[in-house]
**Q** 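What follows is a single structure, and I will ask about it in a moment.
We count ligands from 1, going down the list as the structure has it; atoms in each ligand are counted the same way. For the single chain, residues carry numbers from 1 onward in sequence order.
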Amino acid sequence: MIQRFHYTELTSTNDYAKELIKHLPLIAVSADSQTNGRGRNNRTWEGEAHKNLFLSIAINHKNYPTYKYPSRYQALGCLVVYNALVKYISKDGIKLKYPNDIYIFDRQYKKVSGILIEHSIQGKVAENTIIGVGLNINQDSFSDELSFKASSLKKIGLSVTIEDIYNDILLEFENLFTKSEDYIYDLWVEKLNILNKSITLLSDNKSYLVKGINPDCSLTISDAQNNIKRIDNGVSIIYEL
Ligand code: BTN
């Protein structure tokens, strides 16, 4: 059973969860606002207070064995949010984007949620896993820079409370957490639907074809000259969802 903790303000729910989980088996830490919300690749995660979900689910591996491939927690995080949202949004209206984002259709596909997976490592062993979820719910406007790429549930006409979505997400987590990691991985591969698609790497602005999805969630891609490379969740890519 997941233990819930809620705060008015935290620097980052991931940071706080990382401390609390040292002494507890399985927790959910949420906050009305974050002062130092973090995203992947050292980016910041912004969101208006009281309008969005800032949540971290933390797993203590003294109590729950770690996945053989820890990178698969990103698949778990994405599917938890995806499954919670498909209750409200049609399948065409919501997509997973590699590696761990959720997009919704708001005139074009725009990001509604991002997942940040972190592990506390001791030696080579992951002691804890933190699944951080940022989800835009009732925010009605975004900065000029973000407005063409970010959206919220409210912006597509959904009227839901943060509490409802929070409860849906924890229910989905409790369901998917009982499944094997291979089941999670297979479902993620199916929903991701990226195989054979053309992608552009932001780092070199070149196009590649996705040749395979590897067991550790990295992608095998090839360029026009058939040069093969592997990319993982540290790499930013653009492609048609
Ligand atoms: C990303 O898209 O780069 C991931 C964003 C993850 C944001 C969430 S909000 C709750 C948790 N606390 C953080 O500081 N980050 C994650």
**Q** State whether Tyr185 and Arg72 meet the cation-pi test: NZ (Lys) or CZ (Arg) under 6.0 Å from the six-membered ring centroid, and within 45° of the perpendicular axis.
**A**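 Yes - Arg72 lies over the ring of Tyr185, closer than 6.0 Å to its centre and within 45° of its axis.
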**Q** Side chains of Ser71 and Asp216: do they bring a donor and an acceptor to under 3.5 Å?
**A**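 No donor-acceptor contact under 3.5 Å links the two side chains.
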**Q** Would Asn100 and Arg40 count as having a side-chain donor-acceptor pair, cut-off 3.5 Å?
**A**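 On atom types as modelled, these side chains qualify, holding a pair under 3.5 Å.
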**Q** Considering only NZ, NE, NH1 and NH2 on the basic side and carboxylate oxygens on the acidic side, decide whether Asp140 and Lys155 come within less than 4.0 Å.
**A**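 So Asp140 does not pair with Lys155 through a salt bridge.
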**Q** Hey, are Tyr208 and Asn227 close enough side-chain-wise for a donor-acceptor pair under 3.5 Å?
**A**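 Asn227 vs Tyr208: no donor-acceptor pair found between side chains.
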**Q** Write out each pair where an N or O from ligand 1 and one from the protein are under 3.5 Å apart, with the distance.
**A**
| unit_1 | atom_1 | unit_2 | atom_2 | d |
| --- | --- | --- | --- | --- |
| ligand 1 | 2 (O) | Lys111 | NZ | 2.6 |
| ligand 1 | 3 (O) | Arg40 | N | 2.7 |
| ligand 1 | 12 (N) | Thr13 | OG1 | 3.1 |
| ligand 1 | 12 (N) | Gln34 | OE1 | 2.9 |
| ligand 1 | 14 (O) | Ser12 | OG | 2.8 |
| ligand 1 | 14 (O) | Arg38 | N | 2.7 |
| ligand 1 | 15 (N) | Arg38 | O | 2.7 |

**Q** Would you kindly say whether Ser33 and His50 are connected by a side-chain donor-acceptor distance under 3.5 Å?
**A**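 Side-chain D/A pair, Ser33 to His50: absent.
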